[in-house]
Peer 1: 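Okay, handing you the structure first.
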Protein chains: 2
Amino acid sequence: MQKKYLRIYNDLVKRIQSNSWTIGDLLPSENELAAQYDTSRETIRKALDLLSQNGYIQKVRGKGSVIINRNQFSFPVSGIESFTELTEKMALNSRTIVHSIKYLDPKNESMEILKGNPNEKVWNVNRIREIDGEKVILDKDYFNDKYIPLLTEEICQGSIYNYIENELGLVIGFAQKEIVVENPTEEDRELLDLEGFSNVVVIRSQVHLDDASLFQITESRHRPDKFRFVDFARRVKN
Amino acid sequence: MQKKYLRIYNDLVKRIQSNSWTIGDLLPSENELAAQYDTSRETIRKALDLLSQNGYIQKVRGKGSVIINRNQFSFPVSGIESFTELTEKMALNSRTIVHSIKYLDPKNESMEILKGNPNEKVWNVNRIREIDGEKVILDKDYFNDKYIPLLTEEICQGSIYNYIENELGLVIGFAQKEIVVENPTEEDRELLDLEGFSNVVVIRSQVHLDDASLFQITESRHRPDKFRFVDFARRVKN
DNA sequence: CAGTGGTCTAGACCACTAG
DNA sequence: TAGTGGTCTAGACCACTGT
């Protein structure tokens, strides 16, 4: 038995995407939806909250829930998505080159973030992403070996996230990321086709598991013309 | 009478910020909090949902609510914030120069996004942001005059958002923004101290009011060394 | 096992919008 | 005024975690 509010949410998404309504239209009222789906209003409200969070509707007090313009096919809506997911969605012609896999002692590095037990070690994977034949992204990942006991070239060649979530059964909880523009390092110049660009866009993130433990830090270095970030922000109510 | 769940949320934020607990600690259980605040568990859960959304806690089923590391003093947590709010928070030494205020007919421009009634016009404001004596940000704003009947230099000199929300009583609902890196335009070169930088970071956004109507589009052009974006993302549960 | 958070219900009252 | 969404309650059962 699936969660009821998720079933309703998914159903409403389908109905919205199949243009049962157009932009500016009102959804049926919460009471009406509660009757339609034979459930309580609070459960309907949970489904609508999800629609709102994901940018499908905007609720207006006294009026109803307005369908809003959601740029479909855009980059992650302020979410956590992996390169493989992105390229699939964008139908990009891409390739991953595993440049190096190392098993590090985090003492000497600035990896003390992935601390905890001083005996723990850290996996470091550097991968180059090629889009349309050009090397444009350098991904540097660091994993705590407490959670990822083994990394092989085969795993890194595919989607590490797929391996983590489906094979190891770990569940990603939340991530904090930072985006800045920096000068290219020697490594960038060596591994990427910078084509004279004098900057790289750097996305640094800390990824935590479902139980709030830090298990990965990441540095994704993009040639600036191959970078785009889309965000959907909602004013905090108070 | 303030909303109960907001009162509880604010109280818990204060308790967290005053280090009543440290990172990794568990909050009291929902039942215990319900007793402490003399309310129902669902109300406590609303307060905790807010804490979770804003990156203070991570809920773990069967265990409790874990206090997590929230880089305080960071740039907007995936929210909508204005330049004045930001500089205040960061205690930056900044100045705003109003470069131009125009009242446009949107027909000829690519501003047809701000359409609606073809008689409507559009306010265009260009402002230069100076930080520590250097001109590093160019903000180009376009407002639908249906919502903003008049813009003066005085208003633009201060916080337009302050004017909109406090004087006009409009309430911001949500925004969609996009971040890309582009080559500087002639205008950028003319108005900003680019110091040889060959790129600018461009943040384009569409801002909607509480009732889901589009009322502003914005282009904020940053010298790359003066750009930083911090995002807090939470995995969608399903 | 007891305790935790996750879901769900059937009501209630309120503030707001629109005709 | 009727209908909308926003808040709040007091219960219930479930899935999961630790001991």
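In what follows, every chain begins at residue 1, and chains take the letters A, B, ... in the order their sequences are listed.
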Peer 1: Can you tell me if R45(A) touches the phosphate of dG6(D), counting only side-chain N or O atoms and a distance under 4.0 Å to OP1 or OP2?
Peer 2: yes

Peer 1: Would you indicate, yes or no, if dT4(D) has its OP1 or OP2 atom less than 4.0 angstrom from a side-chain nitrogen or oxygen of S65(A)?
Peer 2: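 For S65(A), the contact criterion (side-chain N or O under 4.0 Å from OP1 or OP2 of dT4(D)) is not met.
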
Peer 1: On DNA chain D, compare the nucleotides closest to V60(B) and E30(A); which residue's is nearer the 5' end?
Peer 2: E30(A)

Peer 1: Are any of K4(A)'s side-chain N or O atoms less than 4.0 Å away from OP1 or OP2 of dT9(C)?
Peer 2: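 Checking K4(A) against dT9(C): at least one side-chain N or O falls below 4.0 Å of OP1 or OP2.
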
Peer 1: Using whole Å, report how far CZ of R7(B) lies from C1' of dC8(D).
Peer 2: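 Going from CZ in R7(B) over to C1' in dC8(D) covers 13 Å.
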
Peer 1: Does dT4(C) have OP1 or OP2 under 4.0 Å away from a side-chain N or O of S29(B)?
Peer 2: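 Yes, within the criterion.
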
Peer 1: In plain terms, say whether R41(B) and E32(B) are close enough for a salt bridge, that is, a side-chain N and a carboxylate O under 4.0 Å apart.
Peer 2: no

Peer 1: Reading DNA chain C 5' to 3', how would its secondary structure be written in dot-bracket notation, given Watson-Crick and G-U pairs with both distances under 3.5 Å, brackets [ ] for crossing pairs and | for partners on other strands?
Peer 2: .|||||||||||||||||.

Peer 1: Could you grab the distance from atom CD1 of I179(B) to atom NE2 of H222(B), nearest 0.5 Å is fine?
Peer 2: 8.5 Å

Peer 1: Do the side chain of R41(A) and the base of dG6(D) come within less than 3.5 angstrom through a donor-acceptor pair of N or O atoms?
Peer 2: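 Indeed, a donor on one side and an acceptor on the other fall under 3.5 Å apart.
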
Peer 1: Among all residues two or more places apart in sequence or in another chain, which pass the side-chain hydrogen bond (donor to acceptor under 3.5 Å, both in side chains) test with T43(A)?
Peer 2: S40(A)

Peer 1: Tell me which nucleotide among dG5(D), dC8(D), dT4(C) gets nearest to the side chain of K59(A).
Peer 2: dG5(D)

Peer 1: Using a distance-only test with no angle check, is there a side-chain donor-acceptor pair under 3.5 angstrom linking D49(A) and Y9(A)?
Peer 2: no

Peer 1: Between R61(A) and S40(A), which is nearer to the 5' end of DNA chain C once each is assigned its nearest nucleotide?
Peer 2: S40(A)

Peer 1: Working to the nearest 0.5 angstrom, can you tell me the gap between E219(B) CD and R204(B) CZ?
Peer 2: 4.5 Å

Peer 1: Suppose we call two aromatic rings close when their centres sit under 6.0 Å apart. Are W123(A) and Y103(A) close by that rule?
Peer 2: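 Aromatic pair counts; centres sit under 6.0 Å.
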
Peer 1: Using a cut-off of strictly less than 4.0 Å, decide whether Y5(A) has a side-chain nitrogen or oxygen near OP1 or OP2 of dC8(C).
Peer 2: no

Peer 1: Where the side chain of T39(A) is concerned, which of dC8(D), dT9(C), dG6(C) is the nearest nucleotide?
Peer 2: dT9(C)

Peer 1: If you round to the nearest 0.5 Å, how far is CG of L12(B) from CG of L48(B)?
Peer 2: 6.5 Å

Peer 1: Hey, which sits more toward the 5' end of DNA chain D by its nearest nucleotide, K46(B) or K63(A)?
Peer 2: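 In this pair, the answer is K63(A).
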
